[in-house]
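Okay, structure first, notes after.
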Amino acid sequence: MAIDVKKHKKKFLEQKPSINLVPFIDILFTIMIFLVVTSNFSATDVQMDTADDIEDASGKPNVTDVSGDQEYYVMPVANLHKVTVNGQDRSDAISGSAVGVQAMVIDEGQVTIKPGEIIIQTPPGVPADKAVQRPEI
């Protein structure tokens with residue numbers, strides 16, 4: 001008895017591929033069960049902004065969390081290209097898109113941050129050349 005190779009080849013080429021989804025679903029459920037078992041669903045304490053906090057906002061940078069005994073604080077601003085202190089251009093104090101601002105100016109003065117620009121109004125008695133400093137990065 002001879003083997004008909006052409007008939008076998010034709011039968012093989014006419015078969016359409018089929019994808020068995022059962023193993024895929026099994027693996028998917030196994031991964032899902034693993035993620036549910038290993039996940040941490042404990043509640044976290046999130047502080048929400050209250051209406052009083054929003055109304056009292058002055059636009060000044062919030063440095064209460066990092067305040068210390070430093071005289072100058074580095075204020076990074078994306079693409080910083082201009083720093084104005086009491087109307088005087090102090091762009092020479094920019095280093096790496098950041099500028100060092102005196103702590104007293106942050107606390108008692110007015111600091112306005114715009115895209116690429118910082119405008120500072122110093123409190124009385126603080127000269128413009130002492131209000132900002134080039135940070136060492």
Side-chain angles (χ1 to χ4, degrees):
M1 179 167 172
I3 298 176
D4 189 6
V5 177
K6 290 183 182 181
K7 182 179 176 184
H8 181 66
K9 187 176 181 182
K10 183 179 177 185
K11 181 180 174 186
F12 182 75
L13 291 175
E14 289 178 357
Q15 289 181 348
K16 294 185 180 180
S18 63
I19 298 174
N20 190 358
L21 293 178
V22 174
F24 173 73
I25 293 171
D26 289 344
I27 292 171
L28 187 68
F29 279 127
T30 304
I31 292 172
M32 187 174 70
I33 290 170
F34 173 77
L35 291 176
V36 168
V37 169
T38 59
S39 296
N40 184 5
F41 292 108
S42 65
T44 58
D45 186 23
V46 178
Q47 182 180 1
M48 302 297 288
D49 291 334
T50 61
D52 296 335
D53 293 340
I54 295 171
E55 291 173 2
D56 293 339
S58 63
K60 290 184 183 179
N62 184 10
V63 294
T64 57
D65 297 338
V66 294
S67 291
D69 58 354
Q70 299 297 319
E71 186 177 356
Y72 287 89
Y73 289 97
V74 176
M75 295 183 71
V77 175
N79 300 321
L80 181 63
H81 62 275
K82 185 175 182 183
V83 176
T84 307
V85 180
N86 295 337
Q88 181 183 5
D89 186 25
R90 286 300 316 258
S91 298
D92 59 327
I94 298 171
S95 175
S97 291
V99 66
V101 181
Q102 190 179 31
M104 186 172 140
V105 173
I106 294 174
D107 292 338
E108 299 173 14
Q110 181 179 3
V111 179
T112 306
I113 301 174
K114 296 181 179 178
E117 180 180 7
I118 297 177
I119 302 170
I120 300 172
Q121 292 295 322
T122 62
V126 179
D129 59 335
K130 298 289 182 188
V132 295
Q133 185 179 35
R134 186 179 186 93
E136 296 177 15
I137 297 178

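Quick caveat, the model's predicted, so the values are computed rather than measured. The figures that follow rest on heavy atoms only: side chains count, while hydrogens, waters and symmetry mates do not.
Within the 4.5 Å cutoff, side-chain heavy atoms of I94 are placed close to those of S91. I120 is not listed as a side-chain neighbour of T84, based on a closest heavy-atom distance of 4.5 Å or more. Residues V111 and I118 meet the side-chain proximity criterion, which asks for heavy atoms closer than 4.5 Å. Using a 4.5 Å cut-off on side-chain heavy atoms (C-beta onward), Q102 and V132 make no contact.
Within the model, atoms CD of Q133 and CG of D129 stand 10.5 Å from one another, a figure rounded to the nearest 0.5 Å.
Under a 4.5 Å side-chain heavy-atom cut-off, the cluster of Ile, Leu, Val, Met, Phe, Trp and Tyr residues that includes V37 is completed by I33.
No continuous path of ILVMFWY side-chain contacts below 4.5 Å connects I119 to V101, so the two sit in separate hydrophobic clusters.
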For residues 75-82, please give each side-chain donor-acceptor pair under 3.5 Å, one per line with the distance, not counting sequence neighbours.
| unit_1 | atom_1 | unit_2 | atom_2 | d |
| --- | --- | --- | --- | --- |
| H81 | ND1 | N79 | O | 3.3 |
| H81 | ND1 | G116 | O | 3.0 |

Ignoring hydrogens and angles, write down the donor-acceptor pairs under 3.5 Å from the side chains of residues 5-28, residues two or more places apart or on other chains.
| unit_1 | atom_1 | unit_2 | atom_2 | d |
| --- | --- | --- | --- | --- |
| N20 | OD1 | V22 | N | 3.3 |

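R134 places no side-chain N or O within 3.5 Å of a backbone atom of G100 that could act as its donor or acceptor partner. Between the T122 side chain and the V126 main chain, a donor and an acceptor come within less than 3.5 Å of each other.
Across all non-hydrogen atoms, the minimal contact from P123 to G109 is CD-CA, 3.8 Å.
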